[in-house]
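Have a look at the structure below, then the notes.
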Amino acid sequence: MKHSQDLNEDVGEILLSEDQIRIKVVELGKRISADYAGRELTLVSVLKGSLPFMADLMRQIDLPLRIDLMEVSSYGGTATESSGLVRILKDLSAPIDDRDVLLVEDIIDTGLTLNYLIRYLRGKNPRSIKVCALLDKPARRLVEIPIDYVGFEIPDAFVVGYGLDFGEVYRNLRFVGVLRPEAYES
Ligand code: PRP
């Protein structure tokens with residue numbers, strides 16, 4: 001993999017601009033605040049891709065909330081395809097029994113990671129568990145799972161930015177763009 005020094009050069013189409021993302025995050029925050037009014041929330045972010053989304057979303061939710069972080073990796077797959085086998089690299093740092101949990105993801109692709117995580121977290125007896133994903137790529141879905149809050153449905157393109165990486169690079173782009181084939185074919 002060879003990335004340019006100016007990461008913008010590796011991006012073709014800009015799928016979602018910084019402004020579009022900002023407006024959507026505000027909208028999601030309002031909906032979540034209304035839906036959970038009078039309750040307390042635990043946001044669980046799945047590292048690393050959801051880091052910018054989590055940081056922005058939590059500041060648009062007007063409720064008492066706690067955050068926790070998990071990190072998982074799928075193994076047995078390739079750089080671009082998940083295998084469905086999920087390994088927990090970092091587990092929750094506090095119990096969630098009897099708590100309202102909102103799982104925060106950057107993207108739902110095959111759904112395999114989320115499917116595993118929901119079942120895993122249900123085993124910890126939360127009062128409720130819902131999912132908020134910035135991006136949904138329905139064309140790639142292998143397992144049907146309910147996503148309660150979706151930012152954008154996107155086509156089956158190789159997207160990077162706003163947390164999404166290729167080879168751990170591009171996460172810091174402020175927009176979501178389509179990676180040029182030259183950047184991943186070399
Ligand atoms: C991405 C994303 C989800 C998962 C979705 O994480 O954050 O966790 O893939 O894919 P799926 O629906 O096909 O299971 P990734 O494994 O790329 O790790 P990262 O967040 O550290 O980039």
Side-chain angles (χ1 to χ4, degrees), residues 1-3 7 10-11 15-16 20-21 24-25 28 32 42-58 67-93 96 101-124 126 129-181 183-185:
M1 187 210 115
K2 187 173 167 296
H3 58 82
L7 297 180
D10 297 342
V11 175
L15 214 54
L16 302 167
Q20 282 176 291
I21 295 170
K24 185 62 76 177
V25 172
L28 288 169
I32 293 165
T42 300
L43 296 182
V44 173
S45 166
V46 187
L47 297 171
K48 304 173 191 137
S50 66
L51 191 60
F53 181 42
M54 174 73 155
D56 289 342
L57 182 67
M58 63 185 276
I67 63 168
D68 211 334
L69 308 170
M70 286 189 75
E71 185 170 6
V72 299
S73 76
S74 58
Y75 54 99
T78 66
T80 56
E81 301 277 335
S82 56
S83 63
L85 299 168
V86 175
R87 183 163 39 138
I88 294 178
L89 302 178
K90 188 212 168 297
D91 205 341
L92 296 177
S93 57
I96 53 166
V101 173
L102 184 62
L103 206 46
V104 177
E105 266 285 24
D106 51 337
I107 187 165
I108 312 298
D109 196 341
T110 62
L112 294 168
T113 306
L114 188 59
N115 189 48
Y116 175 88
L117 276 175
I118 288 177
R119 281 193 283 170
Y120 177 75
L121 292 176
R122 279 211 184 107
K124 293 178 179 274
I129 178 156
K130 288 192 175 184
V131 177
C132 178
L134 180 69
L135 307 176
D136 180 15
K137 226 191 234 187
R140 300 244 317 151
R141 196 74 88 256
L142 292 178
V143 25
E144 270 322 308
I145 18 151
I147 310 173
D148 304 278
Y149 303 94
V150 179
F152 304 92
E153 267 195 15
I154 60 165
D156 187 12
F158 203 132
V159 290
V160 293
Y162 198 69
L164 296 155
D165 73 308
F166 178 67
E168 295 298 327
V169 185
Y170 304 101
R171 294 192 197 274
N172 54 324
L173 293 176
R174 292 192 289 269
F175 54 84
V176 172
V178 179
L179 197 60
R180 288 185 195 280
Y184 56 84
E185 280 172 357

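Heavy-atom basis, side chains included; hydrogens, waters and symmetry copies ignored. Whatever order the structure lists them in is the order used to number ligands and atoms, beginning at 1.
Ligand 1 has an N or O atom lying under 3.5 Å from an N or O atom of G49, backbone or side chain. Checked by distance only, ligand 1 and D106 come closer than 3.5 Å through their nitrogen or oxygen atoms.
Rounding to the nearest 0.5 Å gives a distance of 12.0 Å between CE of M54 and CG of D106. How far CG of L164 is from CG of L134: 8.0 Å, rounded to the nearest 0.5 Å. Considering CG of L179 and NE2 of H3, their distance stands at 11.0 Å, rounded to 0.5 Å.
Judged by the shortest distance from any of its heavy atoms, S50 lies outside the 4.0 Å radius around the atoms of ligand 1. The shortest separation from a heavy atom of I107 to ligand 1 is under 4.0 Å, placing the residue in contact. The shortest separation from a heavy atom of E168 to ligand 1 is not under 4.0 Å, leaving the residue out of contact.
Between the choices M70, E105, E71, the shortest heavy-atom distance to atom 3 (C) of ligand 1 belongs to E105.
Neither the backbone nor the side chain of R140 has any atom closer than 4.0 Å to an atom of ligand 1 (non-hydrogen atoms only). If you look at L47 next to ligand 1, the close heavy atoms, those under 4.0 Å, all belong to the backbone. Contacts with ligand 1 closer than 4.0 Å are made by side-chain heavy atoms of R171 only, the backbone lying farther away.
Within ligand 1, counting atoms from 1 as listed, the ones closer than 4.0 Å to a heavy atom of L112 are 12 (O), 14 (O). Less than 4.0 angstrom separates some heavy atom of K48 from each of these atoms of ligand 1: 19 (P), 20 (O), 21 (O). Atoms of ligand 1 found under 4.0 Å from any heavy atom of T110, numbered from 1 in the order shown, are 11 (P), 12 (O), 13 (O), 14 (O).
Under the 3.5 Å distance criterion, the side-chain polar atoms of K137 are matched with a main-chain donor or acceptor of A157. With hydrogens and angles ignored, the 3.5 Å screen pairs a side-chain donor or acceptor of D68 with a backbone N or O of S93. Judged by distance alone, with hydrogens and angles left aside, the side-chain atoms of D148 form a donor-acceptor pair with the main-chain N or O of V131 at under 3.5 Å.
Residues Y170 and D10 approach most closely at OH-OD2, 2.6 Å, considering heavy atoms.
Counting heavy-atom neighbours within 6.0 Å of R174 CZ, excluding the residue itself, gives a total of 12 or less.
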